[in-house]
Amino acid sequence: MTSARPPDPRESVPPGVLRRAVAASAMGNATEWFDYGIYAFTVSYISVTFFPTEGGSGTLYALLVFAVSFLVRPLGGLVWGPLGDRLGRRQVLALTIVLMAGATFSIGLLPGYDTIGWWAPFLLVLLRMVQGFSTGGEYGGAATFMAEYSPDRKRGFYGSFLEFGTLGGYALGAIVVLGVDLASTDAFMQTWGWRLPFLIAGPLGLVGLYLRTKLEDTPVFRELEEEGALEHAATTEFKDLVTRYWKPILLLSGLVVALNITNYTLLGYMPTYLETQIGLTSTESLTLFTVGQLVMMTMIPFAGGLSDRVGRKPLWFTSLIGLFVFAIPMYLLMRQGFGWAIVAFGILGTLYLLQLSTISATFPAMFPTHVRFAGFAIAYNVSTSLFGGTAPAANDFLIDWTGNTLMPAFYMMAACVVGLVALLFVTETAGASIRGRGIPGVDTEARPTAFAHK
């Protein structure tokens with residue numbers, strides 16, 4: 001237990017400003033995951049529009065295009081991360097949301113294969129790469145922005161609203177696609193119906209941009225800037241990350257393997273899995289997914305607040321062990337029909353929620369301020385590109401290769417083992433200050449009443 005110190009008056013942020021900071025971060029994240037979600041929910045239509053092949057391989061191609069955007073996310077992290085540490089979090093986040101929403105809007109207007117031939121899938125891949133490049137700075141920046149605005153003793157609670165935005169974006173995507181599907185004929189869905197959700201991303205992005213440009217940069221960043229303690233060259237920052245902060249980079253990468261294989265298996269691949277492997281209709285799978293997301297949204301602030309009281313690591317241990325134990329039983333339960341599928345998804349989603357609710361408080365606190373954006377963005381995006389965005393395609397391939405519809409459960413279990421190994425070496429940072437150039441929880445002190453177990 002580290003020694004307690006009195007509250008730092010510099011941490012005082014007016015409640016109204018804090019609420020606007022939370023809203024700006026969450027709105028941008030909701031836009032990001034609305035964009036990713038609607039692609040996952042319309043894969044069957046996208047495959048027909050851009051990959052009209054025989055034998056069902058069009059779905060695999062569409063899922064591979066989903067994965068393509070993740071391959072360029074590390075490049076986005078390499079570019080946006082150092083910029084965010086030198087120029088500020090707010091400026092980078094304003095640019096990333098414009099790029100992301102613009103690319104998604106453009107997908108909704110893209111002609112299909114029957115109209116322009118192979119230019120159609122080529123342009124689709126290009127736009128997905130723009131999405132991935134912008135996302136390389138969006139998530140790390142938004143989490144850093146929110147963590148640096150939040151009080152140390154409530155960083156888990158306020159940080160959870162970033163993930164509220166994640167689930168909200170996914171849920172909104174499911175609701176919009178479901179609404180259009182119910183109000184449309186099959187013929188209209190094949191032509192313009194599936195495109196309408198992509199067009200909504202345009203105004204959503206403008207709202208997020210407005211919220212972000214109306215705020216100052218984070219108090220933690222401005223404090224370091226006033227002290228003249230920022231990194232002034234990307235080469236120096238990269239050298240520091242490799243030589244001094246390689247351990248948090250490796251540990252964060254291990255946690256992200258567990259987090260994002262679970263995330264994209266449960267949230268990205270689940271609609272496709274339920275329809276192609278379980279036999280649910282698109283309406284049933286979207287209904288299940290929407291109900292599960294809305295329930296998770298109501299629980300996430302409570303889980304985030306709980307992490308402020310008991311620590312982040314106990315919640316992560318519970319989540320990883322629980323998912324390992326229940327993955328196979330719950331996937332077997334899904335086979336029993338629509339009602340049981342809701343129960344199974346609810347149990348797995350609740351266990352995953354214990355990770356999701358704390359990552360915005362946990363990951364930024366693994367790095368000191370002057371390398372936080374870059375360290376987070378690079379480690380998170382490299383791991384996500386290799387193991388997260390590829391999860392839907394990997395699950396689909398593994399099922400086709402083995403003929404075993406339980407492969408998504410096995411894949412999640414393997415990811416949980418990786419996460420558990422990494423978690424053993426992670427420092428508890430609940431309540432620890434994230435100000436300055438010291439490593440939180442190691443070089444900084446914890447607040448009274450907060451856990452500081454290492």
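Numbers here simply count residues along the sequence, with the first being 1.
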| What do the steps show when you test Val92 against Phe373 for side-chain contact (heavy atoms from CB on, under 4.5 Å), and what is the final call? | CA-CA 10 Å; Val92 167; Phe373 197 150; 3.8 Å; yes
| said: Would Tyr273 and Asn395 count as a side-chain contact (heavy atoms from CB on, under 4.5 Å) here? Give the steps. | reply: CA-CA 9 Å; Tyr273 180 81; Asn395 281 311; over 6 Å; no
| query | Hey, mind stepping through Tyr158 and Tyr149 against ring-ring contact (aromatic ring centres under 6.0 Å, His included) and telling me if it holds? | reply | CA-CA 9 Å; Tyr158 285 111; Tyr149 255 108; over 10 Å; no
| said: Walk me through whether Glu163 and Ser160 qualify under side chain to side chain donor-acceptor pair (under 3.5 Å). | reply: CA-CA 5 Å; Glu163 310 315 324; Ser160 69; over 6 Å; no
| query | Between Ser69 and Gln131, is a side chain to side chain donor-acceptor pair (under 3.5 Å) present by the stated rule, with each step listed? | reply | CA-CA 6 Å; Ser69 67; Gln131 284 182 318; 5.4 Å; no
| request: Might you work through the side-chain contact (heavy atoms from CB on, under 4.5 Å) test for Leu83 and Gln91, ending with a clear yes or no? | output: CA-CA 9 Å; Leu83 282 176; Gln91 294 186 57; over 6 Å; no
| Candidate pair Arg155 and Ser150, rule side chain to side chain donor-acceptor pair (under 3.5 Å), full reasoning | CA-CA 5 Å; Arg155 194 162 55 244; Ser150 301; over 6 Å; no
| request: Check the pair Met100 / Thr135 against side-chain contact (heavy atoms from CB on, under 4.5 Å), numbers first and verdict last. | output: CA-CA 7 Å; Met100 185 171 53; Thr135 303; 3.8 Å; yes
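The heavy-atom pair separating Asp152 from Ile434 by the smallest distance is OD1-N, 4.0 Å. Considering all non-hydrogen atoms of both residues, Leu110 and Ala120 come closest at CD2-O, 3.8 Å. The two residues Gly136 and Asn381 come nearest to each other via the heavy atoms O-ND2, 2.7 Å. Of all heavy-atom pairs between Ala147 and Ser360, the closest is CB-O, 3.7 Å. When all heavy atoms of Ala201 and Asp35 are compared, the closest pair comes out as CB-OD1, 3.4 Å. Across every non-hydrogen atom of Gly349 and Met296, the tightest pair is O-CE, 3.5 Å.
Separation of atoms CG (Leu320) and CG (Leu351) is listed at 10.0 Å; rounding is to 0.5 Å. With rounding to the nearest 0.5 angstrom, the CG atom of Leu266 is 5.5 Å from the CG atom of Leu348. Gln355 contributes atom CD, which lies 5.5 Å from atom CG of Leu259 (distance to the nearest 0.5 angstrom). Rounding to the nearest 0.5 Å gives a distance of 10.5 Å between OG1 of Thr429 and CZ of Phe363. Phe345 contributes atom CZ, which lies 10.5 Å from atom OG of Ser285 (distance to the nearest 0.5 angstrom). Going from atom OG1 of Thr287 over to atom CG of Leu178 covers 5.0 Å, rounded to the nearest 0.5 Å.
The closest side-chain heavy-atom distance from Phe198 to Ile46 is below 4.5 Å. Looking only at side-chain heavy atoms (C-beta outward), Thr384 and Tyr264 come within less than 4.5 Å of each other. Within the 4.5 Å cutoff, the side chain of Phe376 has no heavy atoms near those of the Val371 side chain. Within the 4.5 Å cutoff, the side chain of Glu216 has no heavy atoms near those of the Val17 side chain. Two residues are said to be in side-chain contact when any heavy atoms from C-beta on lie closer than 4.5 Å; Tyr61 and Ser47 fail this criterion. The shortest side-chain heavy-atom distance between Arg20 and Lys214 does not fall under the 4.5 Å cut-off. At a threshold of 4.5 Å between non-hydrogen side-chain atoms, the residues Phe221 and Leu87 do not count as touching. Under the 4.5 Å side-chain criterion, counting only non-hydrogen atoms from C-beta, Tyr170 is not in contact with Phe34.
Looking at Lys313, its side chain does come within 3.5 Å of a backbone N or O of Val426 through a donor-acceptor pair. Side-chain atoms of Asn29 do not come within 3.5 Å of backbone N or O of Gly165 as any donor-acceptor pair. No side-chain donor-acceptor contact under 3.5 Å links Arg90 to the backbone of Thr218. A donor-acceptor contact shorter than 3.5 Å links the side chain of Ser307 to the backbone of Gly304. A distance-only check finds no donor-acceptor pair linking the side chain of Tyr380 to the backbone of Gly375 [under 3.5 Å]. With hydrogens and angles ignored, the 3.5 Å screen pairs a side-chain donor or acceptor of Ser385 with a backbone N or O of Val382. Under a 3.5 Å cut-off, the side chain of Ser319 and the backbone N or O of Leu315 do not form any donor-acceptor pair.
With sequence neighbours left out, Phe367 forms a ring pair (Phe, Tyr, Trp, His ring centres under 6.0 Å) with no residue at all. Residues passing the salt bridge (charged side-chain N to carboxylate O under 4.0 Å, His left out) test with Arg73, sequence neighbours excluded: none.
Other residues, nucleotides and ligands contribute only 12 or fewer heavy atoms inside 6.0 Å of the CZ atom of Phe302. Within a 6.0 Å radius of OH in Tyr245, other residues, nucleotides and ligands contribute more than 12 heavy atoms. More than 12 heavy-atom neighbours from other residues, nucleotides or ligands sit within 6.0 angstrom of CZ on Phe317. Atom CH2 of Trp192 sits in a crowded spot, with more than 12 heavy atoms from other residues, nucleotides or ligands closer than 6.0 Å.
Checked by atom type, the side-chain pair Arg312/Thr358 shows no donor-acceptor distance below 3.5 Å. Between the side chains of Asn260 and Ser383, no donor-acceptor pair is found at a separation under 3.5 Å. Looking only at atom types and distance, the side chain of Tyr352 has a donor-acceptor partner in the side chain of Asn263 under 3.5 Å away.
Ring centers of Phe133 and Trp80: under 6.0 Å apart, within the cut-off.
Sorted pairs that involve residues 415-439 and meet ring-ring contact (aromatic ring centres under 6.0 Å, His included), not counting sequence neighbours, are lacking altogether.
Ionic pairing of Glu148 and Arg89 is present here: one or more N-O contacts between side-chain nitrogen and carboxylate oxygen are shorter than 4.0 angstrom. The residues Arg437 and Glu223 are annotated as not salt-bridged, no charged nitrogen and carboxylate oxygen being separated by less than 4.0 angstrom.
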